[in-house]
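Note that ligands are numbered from 1 as they come in the structure, with each ligand's atoms numbered from 1 the same way.
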Amino acid sequence: MTTQIFILSLFAFFALASITGAAILLLLFKKNRPRYISYWATGSILTGVGVILVMLKAELPEFIWYKFANALVVSGAVLVNFSLASLAGEKIAPRAALIKTGLAFLLLIGSLVAVSEVFGSIHQPIVIALTSSILSFYGAYFCLKIQKQIHYKLASTLTIAFLLFGTVWFIRLLTLASFNVGFATDGGLINVFTFTALLFLGLMRYIVFIGLVVGISEDEKYQLAESFNQLKLDIANDKVAISEQQLRYVLNATGDGVWDWNILTGEVKHNPRWLEMLGEDSSQPFFSVDDFKSRIHPNDLDLVQKHLNLTLEKDVAYLIQYRMIRRDGRQIWVQDAGSVVERSTEGRPIRMVGAISDITKDRVAEEKIQNLIYFDSLTGLPNRQFIHRKFKEILSQPADENRFMGLMYIDLDQFKIINDTYGHQTGDVLLQKFSDRIQGVARPTDVVSRIGGDEFLLLIQGDGSSYEATKLFIEEVASRIFKDLAVDFNLGKNIFAKTTVSIGIVIFTDDKAHFDPLLKSADIAMYAAKESMDNSYCFFDEKLSADFERRSELFSGLGEASKLDQFYIEYQPIVDQNKQCFAYEALARWRHPSLGNVMPDDFIPFAEKSGQIMEVGEAILKEIFSSQAILSHIKVDGGPYLFINISATQLMNVGFVDQFFSLCEKYDVPVHKLHLEITEGAYLSNIDAAIRVINRFTSKGVRFILDDFGTGYSSLAYLQKLPIQYIKLDKSFVSGIVSGREYRVLAKNIMSLADSLGLEVIAEGVETEEQFEMLLLQGSHYFQGWYFGRPEKLLS
Ligand code: C2E
Ligand code: CA
Ligand code: CA
């Protein structure tokens, strides 16, 4: 009798506690009540009511008292499990939860009826114990999941409570089966004991659960919109340092993928745009942090992690760009901006909200421009500028002791012949294949680059600590190159060709090394190597330098040429979009007494190297300006302009500007009709001085054309700085444009680049109508080439 009273009062207490607990939860989460609260509370009420029914044994028919009441208690447990599953992040819709709980209820009643019929009603508790035990262990499984996401002590306590609960139910199952004890109020001590334990543990679960959810403070969680507005406000109020453009990305909330990360539960919510950006299933409302991580490009993961940690720990503004992998495998670039919007009183981050925007397009454009600046479009190799930068970078690294390094200047001997015999396209193939082979020879630490037509550089970072060791090492590299070249190049169209190279090498240590003088030394060494017909290399030394000087004397004919009036000029027309003559380009030729006509590509570089360019340049200018034939053309109002090539050394010479204008005055040249063509590479070392010189010309109405644009030298950075009006798209582009898609794409890019910088584009080397039409279509403004007229002497 006392046992019965004891058990009954336990029951009463438990039922009361269940229902009160549910009421507390419902009251606490009045607004924006999470599903798992509703499930848990409903479950507790069902259990409470069930237990009350069990207590009222005497007043009720057997069916209600036992089968119905216990089914209620068990369905309550089912709902509690749904609650735990939701808290662990699983999506369980209310309808589904209701239906499944209902089914569980019916199933249980069915089983109880079946067991009573078949084995007798005394065995019903076995069904209850079995079901409850399974449900409790299942509940423990969800608790474990929660525990992983919520680093709260209470979460693990909840797991323990469920595990114990399941274990006691299991013990009860065993005792029921082996001792044949029956209903709650019957049976011996063991029954009392298990019952007490069950009720105690059941209560404990409630208390722990309430403590847990209140701790998480879920109330806030659903105010995503508000917090995001706060974030936007912070950004707008400059609380988060952010640039104008970035601000645009973030504020453009409609275009942004917003995420809201509950740091305690690990749950990350996303708006539809986020899901759409990553090609995710929009019905999936929840991503764990791990899900998110798995979408980040592996190479960027560290970066993101680092920034996140900084923001979480130190509240540093979170703003980074990284790559993500969409569900379909496509890679996108995103900009991610966010901040911690909530911290606990101890300062622990609780919640972070942010927005990602898809910046793939911008990044791709940026990369294209980068490629334009630092990479040669034909071979994909770094260009002169890149190697120049790399050179500085390597030298700025601290070294323990003197490091010896080598710079190799490699020139193809047969390139011109192959180019002239088989055409540019085949020439291009040769350059590409050659660059592949050189790259095959280089080690990862070496830098290969193409600095001009058929000229390549190899920067070798020797491990040699002495000159001799480095020399030996570089000789090995050279012989490897030669060995590689023994095999014919397959240039397509059944053309097989062999080519040899001339290599000039300079060895240097990292103290006081400068790129330009070293390049010049390597170049001189290369010329020396060229003397021999076959593959050969030559190291630069002082003797070579002296030899070069001596050789210049032999070429002193060039100096004479200026005096002897051996230069003459040919003019080539430049036309506008209607094929009307827009200008003439003056192209110099040297009538050599014994060699015959020498073309400028041969004597201009020599004049530059030997320091005679000023006299040669002046003689050419005089030749042009004294020609009445050209002057009468350009003096006509609305008549054509005159383009004159000026070499870099000439332009940068201190006396040049005055020399130029005094000649103009002397020959009465209409200065505003003159355009000067310059190439860019040589100004790299002193861009500001170049700008000053150019400004002196432009202030008098002379305009500037950047010649040979698109070859290795071109650079966007300098293009923006130089006060020029036109760029001349190099012939190599024009020749490739009809057949090569890459050329078209690149040419198009250059056109839009020029357009955005307010520059007009002149295309040179136009040889066919097809090329003209293609260029016209792409937006080129002026055209020059054999199709419109070859360089010719001008008759007045
Ligand atoms: P550039 O300024 O790029 O001149 C264009 C070169 O392409 C000229 O060669 C011209 O004859 C050639 N060309 C013109 N149309 C076509 C065409 O449709 N197809 C092909 N394949 N080629 C075409 P040129 O006259 O031998 O001049 C070579 C270079 O010498 C010039 O290249 C220029 O950089 C330099 N140069 C010429 N005259 C002078 C000068 O007076 N002073 C200086 N400093 N350099 C000069
Ligand atoms: Ca030119
Ligand atoms: Ca050119």
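In Glu585, the N, O or S atom that comes nearest to the Ca ion (ligand 2) is OE2. Nearest to the Ca ion (ligand 2), among the N, O or S atoms that Glu677 has, is OE1.
If you number the atoms of ligand 1 from 1 as listed, the ones under 4.0 Å from a heavy atom of Asp708 come out as 3 (O). Close approach of ligand 1 to Glu585 (heavy-atom distance below 4.0 Å) involves ligand atoms 2 (O), 4 (O). Short contacts between ligand 1 and Pro791, defined as distances under 4.0 Å to a heavy atom of the residue, involve ligand atoms 11 (O). Below 4.0 Å from some heavy atom of Gly785 lie the following atoms of ligand 1, by number and element: 15 (N), 18 (O). Residue-ligand proximity, Ser647 to ligand 1, at heavy-atom distances under 4.0 Å covers atoms 44 (N).
Side chain of Lys498 to main chain of Ala486: a donor-acceptor pair is present (N/O by atom type, distance under 3.5 Å, no hydrogens or angles). With hydrogens and angles disregarded, a donor-acceptor distance shorter than 3.5 Å links the side chain of Asn383 to the backbone of Phe386. Listed for the Asp454 side chain is no donor-acceptor partner under 3.5 Å among the backbone atoms of Asp413.
Of the candidates Ile569, Leu621, Thr679, Leu587, Leu587 brings a heavy atom nearest to atom 31 (C) of ligand 1. Of the listed residues (Gly617, Pro573, Pro600, Ala648), the one carrying the non-hydrogen atom nearest atom 30 (O) of ligand 1 is Pro600. The heavy atom nearest to atom 5 (C) of ligand 1, out of those in Gln771, Arg589, Lys731, Glu570, is found in Lys731.
Counting only N and O atoms by type, the side chains of Glu608 and Ser647 include a donor and acceptor under 3.5 Å apart.
Cation-pi geometry between Lys793 and Tyr568 is met: under 6.0 angstrom from the ring centre, within 45 degrees of the axis.
Salt-bridge annotation for Arg696 and Asp658: present, with a side-chain N of the basic residue lying under 4.0 Å from a carboxylate O of the acidic one. Ion pairing between a basic and an acidic side chain is recognised when a charged N comes within 4.0 Å of a carboxylate O; Asp484 and Arg437 show no such pairing. A salt bridge does not link Lys673 with Asp668: every distance from a Lys NZ or Arg NE/NH1/NH2 to an Asp or Glu carboxylate oxygen is 4.0 Å or more.
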Would you be so kind as to tabulate the donor-acceptor pairs closer than 3.5 Å made by side chains of residues 781-788, with sequence neighbours excluded?
{"unit_1": "His781", "atom_1": "ND1", "unit_2": "Val761", "atom_2": "N", "d": "2.9"}
{"unit_1": "Gln784", "atom_1": "OE1", "unit_2": "Lys728", "atom_2": "NZ", "d": "2.7"}
{"unit_1": "Gln784", "atom_1": "NE2", "unit_2": "Gln572", "atom_2": "OE1", "d": "2.9"}
{"unit_1": "Gln784", "atom_1": "NE2", "unit_2": "Glu585", "atom_2": "OE1", "d": "2.6"}
{"unit_1": "Tyr787", "atom_1": "OH", "unit_2": "Glu769", "atom_2": "OE1", "d": "2.2"}

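The shortest N or O to N or O distance between Tyr787 and ligand 1 is not under 3.5 Å.
At a 4.0 Å heavy-atom cut-off, ligand 1 does not touch Gln784 at all. At a heavy-atom distance under 4.0 Å, only side-chain atoms of Ile620, from C-beta outward, approach ligand 1. For Lys728, no heavy-atom contact with ligand 1 is shorter than 4.0 Å. Looking at Asp730 against ligand 1, nothing comes within 4.0 Å, counting heavy atoms. Only the backbone of Val766 comes within 4.0 Å of ligand 1, judged by heavy-atom distances. By the criterion of a heavy-atom distance under 4.0 Å, the side chain of Ile604, and not its backbone, is placed next to ligand 1.
Taking the six-membered ring for Trp, Phe603 and Phe567 have ring centres closer than 6.0 Å.
Taking the Ca ion (ligand 2) as the apex, the angle formed with OD2 of Asp707 and OD1 of Asn645 is 90°, to the nearest 10 degrees.
The environment of CD in Glu770 is sparse: at most 12 heavy-atom neighbours from other residues, nucleotides or ligands sit within 6.0 Å.
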